[in-house]
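Atoms within each ligand, like the ligands themselves, are counted from 1 in listed order. Hydrogens, waters and symmetry mates are skipped; everything else that's a heavy atom, side chains included, is used.
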Amino acid sequence: MDKNLLKELQSFLKIDQIITDKSSIQVYQRDGLSGYSGIPGMVLLPESENDIVKIVKICCKYNTPVVTRGAGTGLSGGAVPTDGSIVLSTSRLNKILKVNPEQRTAVVQPGVRNIVISEKAKEFNLFYAPDPSSQIACSIGGNVAENSGGVHCLKYGLTLHNVVNVRAVDCEGSVIDLGLDSFDFPGLDLLSLIVGSEGMLAVITEITVRLLPRPCSAKVIMASFNAVEDAANAVAGIISEGIVPAGLEMMDGGMVQAVEDFVHAGYDTEAAAILLCESDGMAAEVDEEIDLMVGTLKKFGASKCLVSANDHQRDLFWSGRKNAFPASGRLSPDYYCIDGTIPRKKVGAMLREIERMEEFYNLRCINVFHAGDGNLHPLILFDSSKPGEFEKTEKFGEEILDLCVKFGGTITGEHGVGLEKLGSMCVQFTEEERNTFSAVKLAFDKNNLFNPGKVIPILSRCVEKGRKHVHKDNREFKEIPSF
Ligand SMILES: Cc1cc2nc3c(=O)[nH]c(=O)nc-3n(C[C@H](O)[C@H](O)[C@H](O)COP(=O)(O)OP(=O)(O)OC[C@H]3O[C@@H](n4cnc5c(N)ncnc54)[C@H](O)[C@@H]3O)c2cc1C
C-alpha cells in the first residue's frame, strides 16, 4: 500500500481506526459465503460521514479500490475484498439518530443492526418490517445495499419499499441525498437505483427508514404435508384466494429434521414438508384469516395444522425457520446457499430437478423457501477440504440458477449477485442489458473505485465460461382480444 496514502489517512484518523496488521486483517477476508476470499491492503473504521468523505477523496487520488463492509453476513461475496483494496467498515457508525413517531420514520447510521431498529421503535409501538433471518447481526447499510428481504416481506415489501431517504458519498467524495419524504419523487428515481447497488455506486452513510404500527395480534400456522408438491400447491392456493399472509415459508423434510434437532421448535419431523403461514392485524381479522388459511391448507392435503396458542409458541415456530442456516451448518463442514426465484407453480418441478442433481453431483441438498415470494434457498452440503468438492458444489448451484431463469424466474431473490453469481448474470441478461448496467456504474463511479469486479460480468468472462443468455420458457401472455 502506498506510504503517502497511509500518511494522508493518518492525518485525520486515530490509530485504532486503521488496521494494517496481517492477523487482524484476516477477519475481513470473506463474508458469509464459503469459498471466496481476498486480502485487503488495510481496513478503515470511520466514525463519521466526514471521515468517509475524506477517505473516499484520498482513495480516489491514489486510485485505490474501496470495498464497503457492513456486518459481513452477505451470502454472495459482495463484501469480499479485492486484493489490495481498502475495506471501509461501517461498524462504528452504529447510532439511531432520530425516531420520528409522527412521520413514522427513523434516521439511522449504516452500521446499525437491523433488529436494533425494531427494538428502539417498540418504545413508540412501531416496528421496521424487513426482517432478514440474519437480523441480529446484519447492518441496515448492508440491507439497503442488497435490497434485503425476510419472512415478512411478502406482506410488507423488501428494503426498497421501506426506505424513504438515503445519504451517500459518491466517488469524488461528495455527499448525495436521495429520496424525499413523500410518495412521489421528481426526476429520475435514484433512491431505487442505490437500493440494491451492492456497494458499487456509493458509500451509504445515513438511511431514513419507514416504520409501521405494531400489529395488535399475530398467529402462525404450522402445516404438515406428506408430499412436497402438495405443500407447493397449497402456497399457490393461498395466494390465489387473495390472502396476503404476513409470512408464508416452506421447509422440506431434510431441513425440518435439521432445524428440529437444533432448535426443538416443535416441528413435525414425520412431514415431507411443512409450511409456516402467518396472519397479523386486528385480533378478529387474524382469527378469520387463520381459519380461511387452515381450510385452504387442508383442501390441498395438509395432514396437520397447528395454530400457535400464544406469542411464545409463535416465536418458537419462527425461531426454527430463522435458524435454518445455522442448523444446516451442523450437518456438514460447509453449506452453499442458493438464492433464486421461480414462479410459485414451478416449485414442485424445481424440487424434482434438485433431487436429480443431488444424485448427479453426489451431494446432499436441503431446502427452505420464502415460498410466498417464490424465493428458493436450496442449501447444498459439502466439505471444502475435499479436493474438487467446492467446484462441484458451484456447478450444482449454477445449474439450479440456470433452471430458475429457464422457469421464468431470477438468479437472486434477495442475496444479491456479488462475486458468486457473475456467471449467472450472463445467463439472465443479454449483452446489451449488461452494457446498460456498466453505463450506469460508470455514470456514478467513473474511476471504478467502488467494489470493482462485482455484479457486472465482463463480456470475456461470459464467453470464456461459455455462459449464454437463456430465454425464459414461461411467457404465457395471451393476446389481448380487441373489441
Ligand atoms: C444466517 C443468515 C441468514 C440470512 N438471511 C437472510 C434473509 O432472510 N434475507 C436476506 O435478504 N438476506 C439474508 N442473509 C444475507 C445477509 O444477511 C444480507 O444480505 C444482509 O443485508 C447483509 O448485510 P451486512 O451488513 O452483513 O452486509 P455485508 O455482507 O457487509 O455487505 C453486503 C454488500 O453490501 C455492501 N455494503 C454494506 N454496507 C454498505 C454501505 N454502507 N454502503 C454501500 N454498500 C454497502 C457491501 O459492499 C456488499 O456488497 C442471511 C445471511 C446469513 C448469514
*Could you tell me which atoms of ligand 1, counted from 1 in the order shown, lie closer than 4.0 angstrom to a heavy atom of Asn451?*
47 (O), 49 (O)
*asked:* For ligand 1 and Thr90, I'd like to know whether there is a polar contact (N/O to N/O, distance under 3.5 Å).
replied: no
*For Val203, the ligand 1 atoms whose distance to one of its heavy atoms is below 4.0 Å*: 42 (N)
_Nearest atoms (heavy-atom pairs only) where Ala258 meets Arg330_ = O-NH1, 4.4 Å
*Can you find a non-hydrogen atom of Gly78 under 4.0 Å from ligand 1?*
yes
*Per-atom contacts of ligand 1 with Gly70, taking only distances under 4.0 Å to non-hydrogen atoms*: 25 (O), 28 (P), 30 (O), 37 (C), 38 (N)
*asked:* If you compare all heavy atoms of Tyr361 against all heavy atoms of Lys395, which two are closest, and at what distance to 0.1 Å?
replied: OH-O, 3.7 Å
*Candidate with minimal heavy-atom separation from atom 46 (C) of ligand 1, of Thr68, Val66, Val87*: Thr68
*Which of the atoms in ligand 1, numbered in the order shown and given with their element, are less than 4.0 Å from a heavy-atom of Ser148?*
11 (O), 18 (C), 19 (O), 20 (C), 21 (O)
*asked:* Between Thr159 and Tyr128, is the side chain to side chain contact (heavy atoms under 4.5 Å, CB included) condition met? List the steps.
replied: CA-CA 10 Å; Thr159 303; Tyr128 175 64; 3.7 Å; yes
*Provide, to 0.1 Å, the distance between atom 29 (O) of ligand 1 and the closest protein heavy atom, together with that atom's residue and name.*
Gly74 N, 2.8 Å
*From Gly142, Gly72, Gly413, Cys153 - option closest to atom 28 (P) of ligand 1 by heavy atom*: Gly72
*Can the ring centres of Phe396 and Phe382 be said to be less than 6.0 Å apart?*
no
_Closest to atom 17 (O) of ligand 1 among Ala137, Gly150, Ser134 (heavy-atom distance)_ = Ser134
*Could you walk me through whether Phe450 and Phe444 pass the ring pair (Phe, Tyr, Trp, His ring centres under 6.0 Å) check?*
CA-CA 10 Å; Phe450 293 133; Phe444 271 81; 9.7 Å; no
*Based purely on interatomic distance, does Ala145 place a nitrogen or oxygen under 3.5 Å from a nitrogen or oxygen of ligand 1?*
no
*Have Ser224 and Asp268 got a donor and an acceptor in their side chains that come within less than 3.5 Å?*
yes
*Between Tyr156 and Asp280, which heavy-atom pair has the shortest distance, and what is it?*
OH-OD2, 2.7 Å
*Using heavy atoms and a threshold below 4.0 Å, how should the contact between Ala79 and ligand 1 be classified: side chain, backbone, both, or neither?*
both
*Is there a donor-acceptor contact under 3.5 Å from the side chain of Asn162 to the main chain of Leu158?*
yes
*So is Ala202 close enough to ligand 1, meaning a heavy atom under 4.0 angstrom away?*
yes
*For atom 11 (O) of ligand 1, state which one of Gly418, Pro132, Gly149 supplies the nearest heavy atom.*
Gly149
*Near Gly199, which atoms of ligand 1 are under 4.0 Å from a heavy atom of that residue?*
43 (C), 44 (N), 47 (O)
*asked:* Tell me the nearest of His152, Glu198, Lys322 to atom 49 (O) of ligand 1, using heavy-atom distances.
replied: Glu198
*asked:* With the threshold set at under 4.0 angstrom, would you say Asn143 reaches ligand 1 through any of its heavy atoms?
replied: yes
*Minimum heavy-atom separation for Thr64 to Ile86, with atom names?*
CG2-CG1, 4.0 Å
*Verify whether one side chain among His152 and Glu278 offers a donor that lies under 3.5 Å from an acceptor in the other.*
yes
